[in-house]
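Taking it in order: structure first as structure tokens, then the write-up.
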Amino acid sequence: MKAIWNDVVIAESDDTVVVEGNHYFPASALDRSHIIPSNTHTICPWKGEASYYTLSVNGKLNPDAVWYYPKPKDAAKSILNRVAFWKGVRVEP
């Protein structure tokens, strides 16, 4: 699978975990040259507290387009050390 935004591959891996229709990529698959830490946090009742990254590609920003759970609840342990995408990031084979 590939995560693509602004015509650039942000992450690529054959090892994704699908939860609620979202592909969670290994954090090691993320091209960190395109991310900026964000102070945004949200709460999911069964996964825990999510943290976010902003994408920076070719001079354009996509705020909070990448999310992850640094300490997922037990029910979501399968997404520990993984990242997922939204806000126009295409995930495709």
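These values consider heavy atoms only, across backbone and side chains, with no hydrogens, waters or symmetry-generated copies.
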(message) Centroid separation under 6.0 Å, is that true for the rings of Tyr24 and Tyr68?
(response) no
(request) Scan Leu55, Ile36, Thr54 and name whichever one has a side chain to side chain contact (heavy atoms under 4.5 Å, CB included) with Val66. (result) Leu55
(request) Mind checking the NE2-NZ spacing from His23 to Lys2? Nearest 0.5 Å is all I need. (result) 14.5 Å
(message) Quick check: do Pro93 and Met1 have side-chain heavy atoms less than 4.5 Å from each other?
(response) yes
(request) Have a look at Trp67 and tell me which of Asn22, Thr40, Val83 forms a side chain to side chain contact (heavy atoms under 4.5 Å, CB included) with it. (result) Asn22
(message) With a 6.0 Å cut-off (strictly less than), is the heavy-atom count around CH2 of Trp46, excluding the residue itself, greater than 12?
(response) yes
(request) Tell me whether Val9 is reachable from Phe25 by hopping between hydrophobic residues (I, L, V, M, F, W, Y) whose side-chain heavy atoms are closer than 4.5 Å. (result) no
(request) Answer yes or no: is there a donor N or O on one side and an acceptor on the other, between the side chain of Asp64 and the main chain of Tyr53, under 3.5 Å? (result) no
(message) Just verifying a value: how many Å separate Lys87 NZ and Asn62 CG, rounded to the nearest 0.5 Å?
(response) 6.5 Å
(request) Taking Asp31 for its side chain and Ser33 for its backbone only, find out whether a donor-acceptor pair lies under 3.5 Å. (result) yes
(message) Would a single hydrophobic cluster contain both Ile79 and Leu30, if residues Ile, Leu, Val, Met, Phe, Trp and Tyr are joined by side-chain heavy-atom contacts under 4.5 Å?
(response) no
(message) Regarding Arg82 and Asp15, does a basic nitrogen lie under 4.0 Å from an acidic carboxylate oxygen?
(response) yes
(request) Would you name the heavy atoms of Pro45 and Lys73 that are closest together and state the gap between them? (result) O-NZ, 2.7 Å
(request) Please report the shortest heavy-atom distance between Gly88 and Trp5, naming the atom on each side. (result) O-CD1, 3.7 Å
(request) Verify, without hydrogens or angle tests, whether Lys47 (side chain) and Tyr69 (backbone) share a donor-acceptor contact under 3.5 angstrom. (result) no
(message) The test is side chain to side chain contact (heavy atoms under 4.5 Å, CB included); show your working for Asn58 and Lys60 and say whether it passes.
(response) CA-CA 6 Å; Asn58 297 326; Lys60 294 186 180 181; 5.7 Å; no
(request) Scan side-chain atoms only and decide if His34 and Ser56 contain a donor-acceptor pair under the 3.5 Å cut-off. (result) no
(request) Would you please test Asn39 and Tyr52 for side chain to side chain contact (heavy atoms under 4.5 Å, CB included) and show each step? (result) CA-CA 7 Å; Asn39 290 324; Tyr52 292 81; over 6 Å; no
(request) Would you check if Thr16 and Val91 make a side-chain contact, meaning some heavy-atom pair closer than 4.5 Å? (result) no
